[in-house]
S.K.: 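Following this message is one structure expressed as structure tokens.
Convention: sequence-line order gives letters A, B, ...; per-chain numbering from 1.
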Amino acid sequence: MADELTTPAENTWCPGCGNFGILNAFKKAIPKLEQHGIDRKHLVISAGIGCHGKIFDYVPLSGLYSLHGRSMATVQGIKLGNPDLKVLTFAGDGDAFGEGISHMIFAAKRNADITVIVHNNGTYALTTGQFSPTSGKGFKGPSLPSGNVEEPLNPLSLMLEAGASFVARGYAGRIDHLADLIVEAVLHEGFSYIDVLQPSVVFNNTYKEYNALVEIIEKPAGRLEDAVQLAKRFDRLPIGVLYKVSKPVYHKELYGKWNPAVNRLMHEERKRRIATYLSERLQK
Amino acid sequence: MADELTTPAENTWCPGCGNFGILNAFKKAIPKLEQHGIDRKHLVISAGIGCHGKIFDYVPLSGLYSLHGRSMATVQGIKLGNPDLKVLTFAGDGDAFGEGISHMIFAAKRNADITVIVHNNGTYALTTGQFSPTSGKGFKGPSLPSGNVEEPLNPLSLMLEAGASFVARGYAGRIDHLADLIVEAVLHEGFSYIDVLQPSVVFNNTYKEYNALVEIIEKPAGRLEDAVQLAKRFDRLPIGVLYKVSKPVYHKELYGKWNPAVNRLMHEERKRRIATYLSERLQK
Amino acid sequence: MAGGLQGCKTFFINGGYGIKPMNDDVFTYLIGGKAGQGTKKAGIVAANFFSALKRNVFQMNDYPSLIRGGHNFSLVSTATRKIYSQYMKADLAVLLDQRSYTIHRDHLTENGVLVYDSTAVKQGQGIGLPIASLAKNYADPDLIVGVTGIAVLAAVVGADRAKLDTLIQKEYRRSAEDNLKFAHEIYDEAEKKITQRFELREGKETHPILAGAETIGLGASAAGLDLYFAYPMTPSTPILHFLAAQAKQLGVVTVQPENEIAVANMAIGAAFTGARSMVGTSGGGFCLMQEAFSLAGMVEALVVFFLGQRPGPSTGVPTYSEQGELLFSLYPGQGEFPRIVASPGSIEEAFYVAAELLDLAWRFQTPAILLSEKHLTESSMNVDLDIEKIRAAAPDMHTSGIYQRYRQTETGVSPLLFPPSDAMIKWNSYEHDEQGYTSEEADVIARMHVKRRTKQESLIRYLREKVQTVNEYGTGDPCVFTFGSTTMSVREAVLHAGLSCTVVQPIYLQPFPSWNLMKYVGRKAVVVEQNCTGQLEQLLREKTGITPISSIRQFNGRPFNPVDLAEQLRKVIG
Amino acid sequence: MAGGLQGCKTFFINGGYGIKPMNDDVFTYLIGGKAGQGTKKAGIVAANFFSALKRNVFQMNDYPSLIRGGHNFSLVSTATRKIYSQYMKADLAVLLDQRSYTIHRDHLTENGVLVYDSTAVKQGQGIGLPIASLAKNYADPDLIVGVTGIAVLAAVVGADRAKLDTLIQKEYRRSAEDNLKFAHEIYDEAEKKITQRFELREGKETHPILAGAETIGLGASAAGLDLYFAYPMTPSTPILHFLAAQAKQLGVVTVQPENEIAVANMAIGAAFTGARSMVGTSGGGFCLMQEAFSLAGMVEALVVFFLGQRPGPSTGVPTYSEQGELLFSLYPGQGEFPRIVASPGSIEEAFYVAAELLDLAWRFQTPAILLSEKHLTESSMNVDLDIEKIRAAAPDMHTSGIYQRYRQTETGVSPLLFPPSDAMIKWNSYEHDEQGYTSEEADVIARMHVKRRTKQESLIRYLREKVQTVNEYGTGDPCVFTFGSTTMSVREAVLHAGLSCTVVQPIYLQPFPSWNLMKYVGRKAVVVEQNCTGQLEQLLREKTGITPISSIRQFNGRPFNPVDLAEQLRKVIG
Ligand SMILES: Cc1ncc(C[n+]2csc(CCOP(=O)(O)OP(=O)(O)O)c2C)c(N)n1
Ligand SMILES: Cc1ncc(C[n+]2csc(CCOP(=O)(O)OP(=O)(O)O)c2C)c(N)n1
Ligand code: SF4
Ligand code: SF4
Ligand SMILES: [Mg+2]
Ligand SMILES: [Mg+2]
């Protein structure tokens, strides 16, 4: 799909990788978002380090290619700096639920108005396929050739538990569906989480399994408990929005209508205020 | 309670602090554990940094006074080094669910055979009362005088979600009950979590509320969902073991009956094995 | 000030220390008690009292890491001249509990007055007042004792009751009535018992009394601070608290995230939007921020890191002071990129240095460290701040043409652009080309290394030409080298003992201002610092060849006492 | 070796590089292709082939940060003498795709042979073989092409088919039959087309070919490693993978926790039990470990940290090599405590240094850093390891009397005791008294500072007396200073060009072995390092006053090519 959303960066994903599906879905989401009044220049992205992160180079949007596990903090900072921006980050499962899990949980807890898209391939792919926080027990990788001995985390129910106000699952093999999820997530005011089932053809090729098991759900669960139940189904893999609720968002709770980057005080005003402060201190 | 379990360290908790209850409960638990065949020298402790952490100095047990947020990793390391030891750590709510949340979740996920006792006072007490991950919305502290704008985490349901095999709640005002919980937690093979309701008389004095609301439950919930329901009750505050299940523990899954500190290979044996390895490499 | 009481000997404060010049009128007030008894507050009230006399003050608060109990004390030294340090021996000591009494009973000047709580202290020597017994009659006996300090002080310096009343009404607003009543009781008791008094000369001018945490917050704010991110950690926490309290007034947003890693990464994210951001922490927290520090170096973000030192290593001694992290602060974060480190030499200078670092971080798009200590952030003194001196240059902004985030320029500094913007702005933690796309090409890697090194060279050029990187006070040999808050101790020691020497204080430590220091090579040198291994000495020796004949180090968590320090300096000076 | 083919010119490898001494018989083999085509494996097979001739080899693998596609290549240089580096120009290049062809077609020695895939490469010059077309007939065409490398090599050096078969059966066990068949096709095609051959002399002795990651793992294991903790990060990951694969054989447990902070803190916990533990990471991960590093300094834990360098700052260039973290590694972690940093100068030396650091960490109960680079961990060469040289002294154990974790001793090192134990053992991150209880007392703080400084002094004494801290190779001026893996490049350049100079390599960088380096002061000096700002040069100048007349730096992520380096050195030598 070489289009006006293609960048000069060479794509170095493995042929057939699920990441292509995510990239294509995102590219489809951008014009749709523009139809919803979110223009491209207000869309700012970030990414973690891993195969997933390369998406940063593949779309011509402004943003900050962050550290492994930290892009959720990065975009929270961007949002706090200028709340007019719509921020998204692309993270890996290792990224978001290993190195960066604290930021995920707190972003959800405080309902930061950001969108996190996790390319969940159940492995640390770029570092050659070690087990990750979402790898199944028994998953064999070079750091534990005899197989992972831990139970996987369930990103969806964990995010629900942490207080996420929008939780969805997509599948890299269902591009249009995923594109719509991304649009809905960005439009949602508050913390939006999309877990994307992403086959890694080299280290965890799950296309067959996913093709057999994914099932589109049309409507989010009404109650949190039901969403948790949905998240914990393994006989089928529901994709779609599992849960969505409206809650106050962090930056507004913190500073209301202020915008630090836009409303920043000018030098003279600052001087005046500091002088006032000092003279008050002296009187005291 | 100046007894043979008292150390020369001066106790510097505020008079009336809930931490005294936890200390006394622990002191009561030690002889009980000995009756269960766990002698004192096999009990090894750690602690985070905060008011809670001072308990490290107040009991004459071996251990490692760790960093803020890291004692859960410390005791996992101790356990991996010598699985014959029974390890406990005392953590704060800031410690365990702020700085150290990743270690909490993974210790639960991998069912590390450790016991974590969180002195949950809903504030960063030792640093003078800022809001913590378990502070209620609106909690006023010096870093946000207008009040905390985040929803609190629920440590109990979060630990259940992460896969903890033993989840309990105690109250610093119910010393005997808490002592029994500690005994049961240490005896449990696997990750044991005790959330202790701990009033901070200075920054978050919750005695009255807790005295009115705590209610002892006699038996753990049979199903995980029910335990989660219990954890989320606020009309009453159930104390006791909410959930308990038997699962394989991490160190055994990882290396079976091996004990790195005890079975460590002697120098000659190491040399022999390396020589073998090298000669195999040469033949190859 | 009122005349002396009947039968009460009055000292005019202009001597009392054997080696103090006659015109020196330092008076030191000490109040000690348990945490929770309000000794720090009492110190502040005393400082304000002195300040009302147009005298200068220096207040240092000593407290262990606990919330109630233990032993806290506050030392307030005052003089009509500028004063840079507390003194450890008091002219008036008010001791509220047994432990304070035991510890401080000998910390008196020759004619010092000791007042203690006779309820708490058995067999005390000095003037016993039944403070706790009297307090029992009040609603909150623990809280009320704090006002003792000012009541006794008023009595001892002969301030009349009206003056005392005004002060209490202003300073102890919560339950002012009880406080007034209790203060009167104490004042009356004290007047009855004291046998000597001090007459404090009025000074000439007065300036607000601020703590280092406040001047740092104000300096950063003056230079444009928009967002301050921090996770609580002594001794940086007071900056967070100060900015949180003044958020509206200063137009700054304070954010307390889940941990220091989030702190630093959020700050970089905020900088990406053009908001000026700063973070605060102490050694342990700064360790956790180093990966983000290196990220800032790579993406060329503009963030100031406040690093407050306390005795280490590790958790160490959280509420005390040390300078053990100078070398640690020089090369944080992996890889090669320009780093800036500066350490202010006084509470006043902290204002300017904080502002200047914010300015430099923005000029050179690189992270900067404001290195300081508990002794600076948590002590307070009169400061005369000139806001007009603050530079807050608009950063180098992109104006026209194709935007390239990492455009090669002569200075190595690429123009900035902030979103929302039609042009694409990519900041990248990977090595990248001019546009910001990831690159692993040999020539791109080399080129970007050279770009960052060029920026480092531009930074050095700027520092040489435009920035005061070294302070010099006094004349004559030896040269006494010092840095950070120890500068205050040294300057006070010199003043106190009337020593003749040149105090040299590098403000900037990275890049190290050798260009300003080489002129001291060959002169007799002494190094004074608050650490065990002599880190400034090592830097000086290695960077300039200056080899001191003597080094004076204190590493017990306590700032120098100027009297002791003067003694040691005198020995060296010979 | 078989005789020459009809009409095929045979070169006896003993020259070919203009400036190479006649007795030098370096032969370089290059195989390039896409990631996933098995170029690294092909390099290993070639290396084993040379090794079977009792020749020495050096293999370097160059690959970007991706899993399939892109451009990978492996360089294997071989000689009958010991060889310390790959050469960038090949005597035989096998290029499997267009990109490799475009990049490497000129990377040939004077008589070099170029073989390429004529299916993939349009209008190639050299010997085109229809590799991909032939591969299409096999089950897994992508995988099968890997064997091309060895088939062509066999043809070009005149190894007979029997020899080729044995090799393939050993090396390509997975679907050996297909590989054999394919290799024969290639071999036959190649034999038809090549017009020149190389005759490789047999060498005298042979040693196993190991990568730095392996020698480090083995060295640590020899010195008693029980637990290795790591979170994947290039270029340290190969150590984790090696130890995980050899866990049973070496009696070591490998653990991959949730992040680097857990890694370091778990390792300290494990050390508390008396298990010897080590961690591995790269710059970004090491940033996150610094707080634990300082904890190790404070509790006096005994842990070795492997720090593998790649180009920085930040995420940088993950799969390439640089030496940009020398200064960064010297003072990690807040506060003052003894730190040890050593960087091995060859893959062989890495074995001894890893073992020695484990030994030192245990002797002095302090954290140690094994500093290295991607070029060392991921390259391989023949190594002759003498296990008998490994020291693994029992630590200083408590024997009798009351146990005090932090007992003051003459050396500053307190005896150890591990749980379970009747005596109480308290390790404490706060400043503590001898027993391990928290203390904020001035005298305790000072005493413990002195204890740790004493330990530092003992460490230095030990290094001076018992440890080889600096290597010297060759004689005559200039002195060429270098460190880490660049030492291999320098030694190879010197051998290659027959240069006369003294190569000086500080193995230890903290404490810096000035005592062994002062003797070079005044001699003509050159510094060679793989970074942009000259960090070794800075250290040398600052610590010893040695001021080089020239510095040779490469900072494009690629290790030096010995031919270019020799050229540059020759210019300096004049
Ligand atoms: C602090 C830090 N630790 C480790 C790494 C090395 N690293 C790079 S990518 C990665 C894992 C990637 O896994 P995941 O996030 O699942 O991404 P994927 O490659 O699977 O898309 C790791 C461990 C790093 N860059 N930074
Ligand atoms: C890395 C790091 N960050 C910050 C601190 C400062 N600090 C010490 S205790 C504490 C919070 C304590 O809160 P909590 O864990 O709830 O313990 P409490 O005092 O309430 O018992 C903090 C932030 C630290 N010691 N280390
Ligand atoms: S390794 Fe896996 S995740 Fe990475 S690009 Fe290849 S297929 Fe995709
Ligand atoms: S501050 Fe709170 S938690 Fe800390 S000792 Fe006092 S009452 Fe207890
Ligand atoms: Mg992944
Ligand atoms: Mg708490």
S.K.: Is chain C contacted by the side chain of D:Ser65, its backbone, both, or neither, given a heavy-atom distance below 4.5 Å?
M.R.: both
S.K.: Quick check on the interface: out of D:Thr533, D:Thr315, D:Thr438, D:Asn531, who has the most heavy-atom pairs with chain C under 4.5 Å?
M.R.: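 The option with the most such pairs is D:Thr315.
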S.K.: Would you say that D:Leu330 contacts C:Leu327 through its side chain, given a criterion of any heavy-atom pair below 4.5 Å between the two side chains?
M.R.: no
S.K.: So what's closer than 4.5 Å to chain C heavy atoms on D:Pro318: side chain, backbone, both or neither?
M.R.: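 Answer is side chain: those atoms of D:Pro318 sit under 4.5 Å from chain C.
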S.K.: Out of C:Ala446, C:Gly316, C:Ser329, which one racks up the most heavy-atom pairs below 4.5 Å with chain D?
M.R.: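 Going by pairs under 4.5 Å, I would pick C:Gly316.
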S.K.: For chain C, find its close neighbours in residues 537-545 of chain D: heavy-atom separation under 4.5 Å, sorted by number, or none.
M.R.: D:Gln538, D:Glu542, D:Lys543
S.K.: Under 3.5 Å, is there a donor-acceptor pair between the side chain of C:Glu431 and the main chain of D:Val317?
M.R.: no
S.K.: Using a 4.5 angstrom heavy-atom cutoff, name the option from C:Arg452, C:Met448, C:Gln323, C:Gln456 with the most pairs to chain D.
M.R.: C:Arg452
S.K.: At a heavy-atom distance under 4.5 Å, which candidate from D:Gly284, D:Pro64, D:Gly557 has the highest pair count against chain C?
M.R.: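 Greatest number of close heavy-atom pairs with chain C: D:Gly284.
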S.K.: If you count heavy-atom pairs under 4.5 Å with chain D, which of C:Asn428, C:Ile445, C:Asp443 comes out on top?
M.R.: C:Ile445
S.K.: So, D:Ser294 side chain and C:Pro313 main chain: donor-acceptor pair closer than 3.5 Å or not?
M.R.: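 Flag not set: sc D:Ser294 to bb C:Pro313 has no pair under 3.5 Å.
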S.K.: Please determine, among D:Gly312, D:Gly297, D:Gly335, D:Ser429, the option with the most heavy-atom pairs under 4.5 Å with chain C.
M.R.: D:Ser429
S.K.: Please look at C:Ile261 and chain D and tell me whether the side chain, the backbone, both or neither of the residue comes under 4.5 angstrom of a heavy atom of that chain.
M.R.: side chain
S.K.: Within the distance-only criterion (no hydrogens, no angle test), does the side chain of C:Asn72 pair as donor or acceptor with the backbone N or O of C:Tyr63 below 3.5 angstrom?
M.R.: no
S.K.: Would you kindly say whether C:Glu373 and C:Gln530 are connected by a side-chain donor-acceptor distance under 3.5 Å?
M.R.: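 There is no such pair between these side chains.
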S.K.: According to the interplanar angle, ranging from 0 to 90°, do the rings of D:His71 and D:His104 count as parallel (below 30°), tilted (30 to 60°) or perpendicular (above 60°)?
M.R.: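 D:His71 and D:His104: tilted rings.
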S.K.: Does D:Arg339 reach the main-chain N or O of D:Pro332 with its side chain, forming a donor-acceptor pair under 3.5 Å?
M.R.: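 A pair under 3.5 Å: yes.
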S.K.: Name the region of C:Glu441, side chain, backbone, both or neither, that has any atom closer than 4.5 Å to a heavy atom of chain D.
M.R.: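 The answer is the backbone of C:Glu441.
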S.K.: Quick check on C:Ser282 against chain D: is it the side chain, the backbone, both or neither that has a heavy atom closer than 4.5 Å?
M.R.: neither
S.K.: Strictly distance-based, threshold 3.5 Å: is any side-chain N or O of C:Glu322 a donor or acceptor partner for the main-chain N or O of C:Gln309?
M.R.: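 Here the side-chain-to-backbone pair does not exist.
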S.K.: Given D:Glu300 and D:Tyr406, is the side-chain contact (heavy atoms from CB on, under 4.5 Å) satisfied, shown in steps?
M.R.: CA-CA 9 Å; D:Glu300 310 196 27; D:Tyr406 300 107; 3.6 Å; yes
S.K.: Parallel, tilted or perpendicular: which describes the rings of D:Phe337 and D:Phe293, with under 30° parallel and over 60° perpendicular?
M.R.: tilted
S.K.: Is the shortest side-chain heavy-atom distance between D:Lys451 and D:Gln408 below 4.5 Å?
M.R.: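 They are in side-chain contact.
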